[in-house]
There are 2 protein chains.
Amino acid sequence: MLTTRKTNRRQLILDEAAKLFKQKGFGGTSMRDLAREVGMEAASMYNHIKSKDEILDLICTRIAHTYISQLAEIELTDASYAEKVKALIRLHIRLMIEDGAAVSVANHDWKYLPEPQLTAFKDARKNYEKGFAALIEQGIAAGEFQPVNVSVALFTILSAVRWVELWYRPGRELSAEELEDHIITMLLTGLAK
Amino acid sequence: MLTTRKTNRRQLILDEAAKLFKQKGFGGTSMRDLAREVGMEAASMYNHIKSKDEILDLICTRIAHTYISQLAEIELTDASYAEKVKALIRLHIRLMIEDGAAVSVANHDWKYLPEPQLTAFKDARKNYEKGFAALIEQGIAAGEFQPVNVSVALFTILSAVRWVELWYRPGRELSAEELEDHIITMLLTGLAK
DNA sequence: GTCTATAGTGAGATAGAC
DNA sequence: GTCTATCTCACTATAGAC
């Protein structure tokens with residue numbers, strides 16, 4: 001079908017863009033670079049996307065929405081707070097492994113978004129952080145966590161999962177699940193004996 | 001003195017560049033932007049620096065050398081491995097607080113370095129990570145740490161201190177030292193009760 | 001939808017007067 | 001050392017043939 005074909009081409013552009021943006025940065029990637037990777041001329045891509053900025057926006061917005069809906073799902077379960085936090089850590093790591101290029105772009109290149117998308121992205125991230133922090137706060141109140149500083153705990157967790165994408169390669173010594181287990185152990189029980 | 005940076009015009013350019021690169025990214029900052037901040041015309045800056053790339057290189061290289069010499073100093077002390085790791089964490093946080101813009105640039109914009117500086121930077125970072133990992137490994141062997149996966153522990157620590165710079169503002173609820181204490185607690189003893 | 005050709009812009013960097 | 005003026009180049013995006 002024509003519509004499916006168009007969607008695929010568009011998605012191919014977005015996927016290759018995420019890979020290149022991750023590798024060379026948004027500013028370091030030209031539309032000609034991207035076109036070469038996609039297999040068409042730069043001008044032809046404008047039949048599928050409106051602008052380079054739109055590509056960045058589509059990548060960042062998709063990742064932001066994924067995080068937010070994952071958080072909303074977990075909030076609705078009746079697991080303990082510790083289990084909710086662990087589940088969120090697992091989802092972060094899994095998304096990093098399965099969609100690493102896009103996550104990397106959303107982490108590093110969001111600052112190149114034009115307004116008003118920039119503000120929208122920052123607001124979405126702030127909301128996500130608030131929801132995550134609330135889980136930690138409630139876990140402390142429930143006696144499941146140590147009375148740590150909530151912001152410190154939140155950002156330690158959020159940043160700990162970022163490096164996965166720089167480090168993890170499929171077929172490395174660790175499976176995805178083992179990696180999740182190790183990171184959760186490190187964050188929940190710490191390094192010291 | 002080696003540790004004192006001269007406050008001449010060249011250093012002013014580098015400092016303002018670090019701030020702008022952090023704020024808008026290397027690719028998002030033009031020499032004209034920078035010149036406005038420094039208070040001269042773009043062309044005049046070329047009397048003080050050779051190129052935009054050189055600015056990036058000087059920032060990244062200075063930070064890389066700082067990390068490496070800090071590690072070397074700590075390796076020479078005869079503290080326990082746990083104390084060495086804690087000292088390194090404190091130094092990371094302190095450098096982040098005192099020289100946040102440059103650290104941020106070295107963390108995010110190093111990928112725009114031209115060769116051969118790019119390779120040199122990556123090699124330096126890899127060496128630093130190796131030395132840090134060795135401390136963790138020896139700490140495990142000495143029974144000071146839990147038998148965690150060394151890479152996971154290393155990257156969790158390295159990434160945990162990164163967010164400080166996005167989050168910390170002088171005069172916030174936490175002093176620098178309190179922040180160090182909180183992060184060390186989180187990393188060493190974990191979140192769980 | 002894809003191409004070639006190119007418009008239009010803004011970048012990094014240089015020349016030369018003062 | 002700083003300026004104005006400008007070179008040269010690469011980039012995003014568009015026009016129009018097919």
Side-chain angles (χ1 to χ4, degrees), chain A residues 1-60 105 108-118, chain B residues 6-61 105 108-118:
Chain A
M1 266 183 216
L2 278 176
T3 51
T4 355
R5 185 181 173 79
K6 184 186 172 191
T7 302
N8 287 340
R9 275 274 213 304
R10 182 181 158 95
Q11 194 56 49
L12 176 62
I13 292 171
L14 296 179
D15 289 345
E16 294 301 325
K19 283 189 223 164
L20 283 182
F21 291 171
K22 175 194 162 187
Q23 202 176 79
K24 317 200 290 170
F26 179 72
T29 304
S30 72
M31 293 298 275
R32 289 172 179 86
D33 291 337
L34 178 53
R36 193 185 315 116
E37 219 64 31
V38 171
M40 58 172 71
E41 289 302 312
S44 306
M45 292 194 295
Y46 287 86
N47 283 305
H48 305 280
I49 49 93
K50 268 175 25 195
S51 67
K52 190 186 179 190
D53 285 344
E54 194 203 35
I55 294 176
L56 180 64
D57 179 44
L58 289 168
I59 294 170
C60 290
V105 171
H108 296 112
D109 291 330
W110 58 266
K111 71 173 72 158
Y112 297 107
L113 283 169
E115 293 291 2
Q117 288 87 350
L118 178 62
Chain B
K6 288 181 293 181
T7 54
N8 53 18
R9 276 199 140 75
R10 180 183 160 94
Q11 194 55 51
L12 177 62
I13 291 172
L14 296 178
D15 288 344
E16 293 302 324
K19 282 189 222 166
L20 282 181
F21 292 170
K22 176 194 162 187
Q23 202 175 82
K24 316 201 289 171
F26 179 73
T29 304
S30 72
M31 293 298 276
R32 290 167 177 84
D33 290 337
L34 178 54
R36 194 184 316 117
E37 219 64 31
V38 171
M40 58 171 71
E41 290 302 311
S44 306
M45 292 195 296
Y46 288 87
N47 284 305
H48 305 280
I49 50 93
K50 268 176 24 195
S51 67
K52 189 186 179 190
D53 285 344
E54 194 203 36
I55 294 175
L56 180 63
D57 180 42
L58 288 169
I59 294 170
C60 291
T61 299
V105 171
H108 295 113
D109 291 330
W110 58 266
K111 69 173 73 156
Y112 297 107
L113 284 169
E115 294 290 1
Q117 288 87 351
L118 178 62

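A note on names: the letters A, B, ... follow the listed sequences, proteins ahead of strands, and every chain is numbered from 1.
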Using atom OH of B:Y46 as one end and atom P of C:dG16 as the other, report the distance to the nearest whole Å.
18 Å
Taking D:dC3, C:dT4, D:dA13 as options, the one with an atom nearest any side-chain atom of A:K52 is D:dA13
Distance check needed: C:dC3 P versus A:R36 CZ, whole Å only.
14 Å
From the set C:dG1, D:dC11, C:dA15, return the single nucleotide nearest to any side-chain atom of B:A43.
C:dA15
Separation between CD1 of A:I55 and OG1 of A:T29, rounded to the nearest 0.5 Å
10.0 Å
Rounding to an integer number of Å, can you tell me how far B:Y112 OH sits from C:dA11 C1'?
15 Å
Round to a whole Å and report the spacing from CZ of B:F26 to P of C:dA11.
13 Å
B:L20 CG to C:dA11 P, straight-line distance once rounded to whole Å
13 Å
Nearest whole angstrom, please: distance from the C1' of C:dT14 to the CD1 of B:I49.
13 Å
Spacing of CD belonging to B:Q11 relative to CG belonging to B:D15, to within rounding of 0.5 Å
4.5 Å
Mapping A:D33 and A:K50 to their closest nucleotides on DNA chain D, which lands nearer the 5' end?
A:D33
Rounding to a whole Å, what distance do you find between A:L56:CG and D:dT12:P?
13 Å
Taking the nucleotide of DNA chain C with the nearest heavy atom to each, does A:R32 or A:S44 sit closer to the 5' end?
A:S44
Lys NZ or Arg CZ of B:K52 over B:F26 ring: under 6.0 Å, within 45°:
yes
Tell me: CE of A:M31 to P of C:dT9, nearest whole Å?
19 Å
Please lay out, stage by stage, how B:M40 and B:H48 fare under the test side chain to side chain contact (heavy atoms under 4.5 Å, CB included).
CA-CA 12 Å; B:M40 58 171 71; B:H48 305 280; 4.0 Å; yes
